[in-house]
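See structure below.
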There are 2 protein chains.
Amino acid sequence: MTRADVNGVTGPADVCSTAMTAPETRNERKERTRRALLDAALRQASERGFAGLSLREIAKQAGVVPTAFYRHFESMDELGVTLVEESMRALRTMIRGARNAPGGSADLIRASVRTLSEHVRSHEEHYWFLVRERYGGTGAVRQTIGVELKLLTGELAVDLARFDGLRTWSTEDLRMLADLIVSAMLATVMELLEARPGSDAEILAAAERKLRLIFLGVPHWRST
Amino acid sequence: MTRADVNGVTGPADVCSTAMTAPETRNERKERTRRALLDAALRQASERGFAGLSLREIAKQAGVVPTAFYRHFESMDELGVTLVEESMRALRTMIRGARNAPGGSADLIRASVRTLSEHVRSHEEHYWFLVRERYGGTGAVRQTIGVELKLLTGELAVDLARFDGLRTWSTEDLRMLADLIVSAMLATVMELLEARPGSDAEILAAAERKLRLIFLGVPHWRST
DNA sequence: ATTTTCAGTGAACGACTGTACACTCAATCT
DNA sequence: AGATTGAGTGTACAGTCGTTCACTGAAAAT
C-alpha cells in the first residue's frame, strides 16, 4: 500500500478506493496532504491543546508517515503559526459578517448573536483552538491571539461610535463598552462549545439578554 | 549532600543552611517537602499548563529525587486533584471576603474590584492555574473548575437578589446578571495577570466602569 | 526516452516522560 | 539498646517525543 487509502483521515471518506484513484496532478496531491495534516492538527489542538500536539499522531491521522510532515512544514512551530492564522481568519470573517449583515438596526442584537452562534457551530474546532490557546496557551500563540483580539475590540469600539446614544462618548468609554461586549460574547462562545448542541436556544437567549441589559445602561452613562 | 539545602526551591529561601538545620520532627520535614512539591507544581502549571507538568522537573525544583515524589502522591493525577482543590479554595476565600467586607453599599463596586485585584496579586499562580485549566485544560480538571464556577455564579445571583432594584427580578434574570458580572470579572483577572503590575490602576478603573454601566441598566430592565 | 524533481518511506538518534524496585540511614518506637 | 519505620536515593525500563538521513519510485521536465 503506497497510494491507496491515503489522506482518508480515519474513515470511509475517500471515494474510489479500488477503481481509478482520480487523475490527480502532483501539486493537487501535495495540497491535499497538506490540508489533511492541518485538519488533523486542528482537531488534535482543539481537543488537547496546541502544547499537546504530537507530530506522529498528526501524521498518522493524515495517513502519512511522520517524516513526511517535513515536506509540508519546516517544523512544528510553523504548523502552529499556520493554525493561528487560519483560525484568526475565520474569526475575522465572522466579525465582518456580523458587521455588514443587517443594515436596519431593528434587531441588531438578535442578528449578531445569531451570526455568532452559527459561525461557532460551523467552525467549532477553530473556536476551540482559539479559546484554548488564548487562555491555556504558552508564549507566542497566546500573545498573538491576545493582540488580535484587542484589535478586533478596537474595531468594535469604532463601530459603536456611530450609534445614536454613543456619538458623544469618549473613545476610552467606547473601548470599555467594547471590552465588556467582547468578554460577554467570549463567555457565550465558551458556553456554546461546552454545551451539547441541543441547548443552543437558551444560551443565545441569555446572550441576547446580557447585551440588552448592557445597552439599557448606555443612555444613563455620564461620560467621564 | 543528603540534607543540606533541600527544599530551598531555587533561591536563598532557606534559613540556617550551614548551622543547625532546625530541630525538625519527621512529620514536619515530610510536610515541608510536600509543600515544596506542590509549590513547584503550581508554579510550573501556572506557566506551562497542567498538561505540561513534568514529575522530574517538579522534583528537581523541590530539591528532591524524582522517585521521592511517590512518597507524597500516589500519581500525577492525585497531585492534579490537590492543585485544583487548593486553587478553588483560594478563589472561594476571595469571594467570601468580597461578600462580607463592606457592609455599607456606599461604594461596593469599588471595594469588590479592589478585593479582587489584591487577591489576584497575592495568588497569581493560583489564578493563572485556574484560568489556564478552565479554558485550556483537558477533561476532568476543566470540568471541575467549570462546575465550581457555575456554583459561585449561583451564589452571586442569590446575593444580588437582596439588593434594592433586584428584589423583583426572576431567578433566571438574576442568573443572567451574575453570569455577565462573572465573565466581566474573569476578563479583568486575565488582564491583571497579563499586565505588568504597574498598570493595575487603569485595569481596575475600567473594571469598575464596566460594573457601573451594567448596574445603570438594572433599573430599566423589564423582567421577563 | 532519458533525466530531474520531490512527496512519501523507514530506520535511527538523543532527549524526555512516568513509574517500579531494591537500597540507605536517621528519626521514631519498643 | 535494639528493632522498626519510612523519606529520600540510584538504577533501570518501556514508552513517548521532534528531528536527521539515505532511500524509493512515480510524476514532471527535458
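Every chain is numbered from 1 and lettered A, B, ... according to where its sequence line falls, protein lines coming before strand lines.
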Can you figure out which of [options] approaches the side chain of [X] most closely?
X	options	result
B:V65	C:dT9, D:dT9, C:dT19	D:dT9
A:T67	D:dT9, C:dC6, D:dT19	D:dT19
A:T33	D:dG18, C:dG8, D:dG10	C:dG8
A:S75	D:dT19, C:dT19, C:dA27	D:dT19

Whole-Å gap separating [atom2] ([N]) and [atom1] ([X]):
X	N	atom1	atom2	answer
B:M76	C:dG18	CE	C1'	8 Å
B:F50	C:dT17	CZ	C1'	14 Å
B:R26	C:dT28	CZ	P	7 Å
B:E31	D:dA7	CD	P	12 Å
B:N27	C:dA27	CG	P	14 Å
A:F73	D:dT19	CZ	P	13 Å
B:R71	D:dG8	CZ	C1'	8 Å

Any protein N or O atoms within reach of nucleotides 15-17 of chain D? Criterion: under 3.5 Å, listing atom names and distances.
from: D:dC17; atom 1: OP1; to: A:S54; atom 2: OG; distance (Å): 2.7

Does [X] come within less than 4.0 Å of [Y], counting only side-chain N to carboxylate O?
X	Y	value
B:R43	B:E125	yes
B:R134	A:E194	yes
B:E86	B:R35	yes
A:R48	A:E57	yes
B:E208	B:R110	yes
A:E191	A:K210	yes

Pick the nucleotide of DNA chain C nearest each of A:F69 and B:D77; which residue has the one closer to the 5' end?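 By nearest-heavy-atom nucleotide position, the 5'-most residue is A:F69.
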
Give me the bend of the helix from C:dA15-D:dT16 to C:dT30-D:dA1, using the axes of the five pairs at each end, rounded to 10°. 10°

Does A:Y70 make a side-chain N or O approach to OP1 or OP2 of D:dT20 shorter than 4.0 Å?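 Looking at the OP1 and OP2 atoms of D:dT20, neither is under 4.0 Å from any side-chain N or O of A:Y70.
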
Between B:M190 and A:Y135, is the side-chain contact (heavy atoms from CB on, under 4.5 Å) condition met? List the steps. CA-CA 8 Å; B:M190 195 65 191; A:Y135 297 109; 3.4 Å; yes

Please report the shortest heavy-atom distance between A:K30 and A:R71, naming the atom on each side. NZ-O, 3.4 Å

Using the rule given for side-chain contact (heavy atoms from CB on, under 4.5 Å), can you reason through B:R121 versus B:L116, listing the C-alpha separation, both sets of side-chain angles and the distance that settles it, and then say yes or no? CA-CA 9 Å; B:R121 279 284 167 251; B:L116 176 73; over 6 Å; no

